[in-house]
A.B. asks: 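Here's a structure for you.
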Protein chains: 4
Amino acid sequence: MEFRIDRSSGLPAYLQLVRQVREALRLGWLEPGDRLPTVRDVVAGSGVNANTVLKAYRELELSGLVEARQGSGTFVKAGLGSTDPEVMNALRSRLAVWVREAREAGLDAEDIDALVRSVLAVDGDRAAAGGAGGQTNEGEGVAVR
Amino acid sequence: MEFRIDRSSGLPAYLQLVRQVREALRLGWLEPGDRLPTVRDVVAGSGVNANTVLKAYRELELSGLVEARQGSGTFVKAGLGSTDPEVMNALRSRLAVWVREAREAGLDAEDIDALVRSVLAVDGDRAAAGGAGGQTNEGEGVAVR
Amino acid sequence: MEFRIDRSSGLPAYLQLVRQVREALRLGWLEPGDRLPTVRDVVAGSGVNANTVLKAYRELELSGLVEARQGSGTFVKAGLGSTDPEVMNALRSRLAVWVREAREAGLDAEDIDALVRSVLAVDGDRAAAGGAGGQTNEGEGVAVR
Amino acid sequence: MEFRIDRSSGLPAYLQLVRQVREALRLGWLEPGDRLPTVRDVVAGSGVNANTVLKAYRELELSGLVEARQGSGTFVKAGLGSTDPEVMNALRSRLAVWVREAREAGLDAEDIDALVRSVLAVDGDRAAAGGAGGQTNEGEGVAVR
DNA sequence: GTGGTCTAGACCACA
DNA sequence: GTGGTCTAGACCACG
């Protein structure tokens, strides 16, 4: 697993790390028992400071997702992606089709992001009680009357 | 237009405001000539401090999207949504269908977000130079080999 | 509220801070709505580094006990001490009597601590399922056969 | 004698071992001449690394409490529990009564710990120079004004 | 070599 | 002036 940090996004580096681990868990790219890259690897690969990585890993540990074993590394303890990988893949490929069309219609990544967020916001009001998701984007969103 | 800020997202409040205005522009919910809510309104509606709103509006003004007219408010100067509203709506409704299916398959907002981001990341490598840049999420993304 | 850090205890300073806040909550000395001392106050009063305090406060925030409000301080969000203050005081004064006797019998603080821990350990095996307490001492303890 | 180490307590593993030996000495569970479990036993029984156990034993030896005899094991050299076993037992059983009442009043182990520590802290100010020092908890404690 | 703790100090976001 | 983020670097605990 490899991290990419976007320094201009405004989101703190350690939260980007946390988020990317959570995403990998949700997508099934990481599973219980897997070892996260060592702090030193992440430092070498992404340019952030070691303490930033430690902070991210500690946050993940506090939320029960990973477990640090001194001297041997940090390991995934619990999964997040409860969805059947096949279903996931089906959804993913249909999404990919949609994204391609959107791009052909001239939308860029930010447009697409805005669209998705707006649909999720509407949809979220319907799904409501689902949440407890943690650091999701729920709650942020635009409303025009 | 109404702002919602999520204090626990890690993203600075003023950037959430900026982002939401940009999203509204991209989605065609705001158009040149429209007036943004007054600072006072935003304060009342979202609980942030007036200085935070001012900072967001100033930032939008610096990027040329809005214009403050002394005594009468802040107005949209330029659009961002260059896409034909009909096409936009078509894309939007197809997206909504996909989202509904995803939700029925058990994915929550964070799952969906992760999926979208991962598809955009792959897709981004292909589209590369495409985006107008700005504060997009491009660049952040997970890679597992 | 005032913190005291024991640098020779082996327990990390930030955990001592966390523990002391938890204790104050359990004893009813802190209640929801109360403001914790500012980071700067703690630094001035206890000699630890600001980041150490921030780390402690952040940990408390992640566990849902306090809430940081930028620019205005850190506030207690949830209580821990569900016990009736009167009952608490009764127990406390009876304990104080016992402690006095123990001291008169020649036990020092470490002896008393050892005794309490050993009684709790035995007792804990009986109470068993109670826990989920978090960073309690449960689990550590001596057993001689 | 059997050790239990709590990996989530924040206290270094080797200090937990040292502490448990000291407690056993104070409570009279270990006496001069007794043999401590071999390093191998401790490793098998508690999961820590052999070096960690060695470090704990070395520390105990440095403080004069135990003595390593090449080829035959590590033996208790000096006691810590100077208190008459009968008095100790009397105190212990009265403590047990109190603990039972506390538990019935709804206090859990962490509550009890907090209470004991707070009483000891107050009491400590009175007894002052009393303690033999060492790695006691003296000095840490909460004060609310 | 692994993760973890702490410090000192710069800078940012918010009220 | 409030909390928060990040860095750089020293040192510790553990395997």
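These values consider heavy atoms only, across backbone and side chains, with no hydrogens, waters or symmetry-generated copies. Below, read A as the first sequence line, B as the second, and so on, with proteins coming before strands; counting in each chain starts at 1.
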A.B. asks: On DNA chain E, nearest-nucleotide positions of B:V48 versus C:P12: which is more 5'?
C.D. replies: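 Closest to the 5' end, via its nearest nucleotide, is C:P12.
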A.B. asks: Any Lys/Arg nitrogen of B:R19 or A:D113 sitting under 4.0 Å from an Asp/Glu carboxylate oxygen of the other?
C.D. replies: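 Yes, charged N to carboxylate O under 4.0 Å.
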A.B. asks: From CG of A:D41 over to C1' of E:dT2, roughly how many Å is that when rounded to an integer?
C.D. replies: 11 Å
A.B. asks: If you find the nucleotide of DNA chain F closest to C:R35 and the one closest to C:R58, which residue's nucleotide is nearer the 5' end?
C.D. replies: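 Result of the comparison: C:R35.
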A.B. asks: Can you find a donor-acceptor N/O pair under 3.5 angstrom joining the side chain of C:N49 to the base of E:dG9?
C.D. replies: no
A.B. asks: Could you check whether the side chain of C:N51 and the base of E:dG9 have a donor-acceptor pair of N or O atoms closer than 3.5 Å, going by distance alone?
C.D. replies: yes
A.B. asks: Pick base, sugar-phosphate or nothing for C:E67, based on heavy-atom distances below 4.0 Å to the nucleic acid.
C.D. replies: nothing
A.B. asks: Could you give the CG-to-P distance, from A:L17 to F:dC6, as a whole number of Å?
C.D. replies: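 It works out to 9 Å between those atoms.
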A.B. asks: Select base, sugar-phosphate, or nothing to describe what B:Y14 touches, counting heavy atoms under 4.0 Å on all strands.
C.D. replies: sugar-phosphate
A.B. asks: With nearest nucleotide decided by heavy atoms, which residue, A:A13 or D:T52, maps closer to the 5′ end of DNA chain F?
C.D. replies: A:A13
A.B. asks: Which whole-number value in Å describes the distance from C:L54 CG to E:dT7 P?
C.D. replies: 12 Å
A.B. asks: Rounded off to whole Å, could you give me the CG-to-P distance for the C:L11 and F:dA13 pair?
C.D. replies: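 Checked: the CG to P distance equals 13 Å.
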A.B. asks: With respect to the side chain of A:V39, which nucleotide from E:dA13, F:dG4, E:dG3 is positioned closest?
C.D. replies: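 It is E:dG3.
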A.B. asks: How many Å lie between CD on A:Q70 and C1' on F:dG15, as a whole number?
C.D. replies: 9 Å
A.B. asks: Quick one: closest heavy-atom pair of B:Q16 and B:D6, and the distance?
C.D. replies: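 Scanning both residues, the minimum pair turns out to be OE1-N, 2.8 Å.
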A.B. asks: Is a side-chain donor-acceptor pair under 3.5 Å present for B:S118 with A:E23?
C.D. replies: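 Side chains of A:E23 and B:S118: no pair found under 3.5 Å.
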A.B. asks: If you assign each of A:L36 and C:R40 to its closest nucleotide in DNA chain E, which residue comes earlier from the 5' end?
C.D. replies: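 First, find each residue's nearest nucleotide; the 5'-ward one identifies A:L36.
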A.B. asks: CD1 of C:I5 to CG of C:L17: how many Å apart, nearest 0.5 Å?
C.D. replies: 4.0 Å
A.B. asks: Could you state the CZ-C1' distance from B:R7 to E:dA13, rounded to the nearest angstrom?
C.D. replies: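 Between C1' of E:dA13 and CZ of B:R7: 10 Å.
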A.B. asks: Determine whether a donor-acceptor pair (N or O, by modelled atom type, separation under 3.5 Å) exists between the side chain of B:S46 and the backbone of B:V42.
C.D. replies: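 Yes; at least one donor-acceptor contact below 3.5 Å.
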A.B. asks: So, are A:E59 and C:R58 salt-bridged, with charged N and O less than 4.0 Å apart?
C.D. replies: yes
A.B. asks: Mind calculating the distance between CD (A:E61) and P (E:dG3) to the nearest angstrom?
C.D. replies: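 Distance, rounded to whole Å: 11 Å.
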A.B. asks: Give a yes/no answer on whether the side chain of A:K55 brings an N or O atom under 4.0 Å of OP1 or OP2 in F:dT5.
C.D. replies: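 Indeed, a polar side-chain atom of A:K55 lies that close.
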A.B. asks: Taking the side chain from A:E61 and the backbone from A:A68, do they hold a donor-acceptor pair closer than 3.5 Å?
C.D. replies: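 Such a contact is found between A:E61 side chain and A:A68 backbone.
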A.B. asks: Could you provide the dot-bracket string of DNA chain F, using ( ) for intrastrand pairs, [ ] for crossing pairs and | for bases paired to another strand, with Watson-Crick or G-U pairs below 3.5 Å?
C.D. replies: ||||||||||||||.
A.B. asks: May I ask you to say whether C:E67 pairs ionically with C:R69, meaning some side-chain N is under 4.0 Å from a carboxylate O?
C.D. replies: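 Salt bridge flag = yes for C:R69 with C:E67.
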A.B. asks: Round to a whole Å and report the spacing from CZ of A:R69 to C1' of F:dA13.
C.D. replies: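 Those two atoms, CZ and C1', are 17 Å apart.
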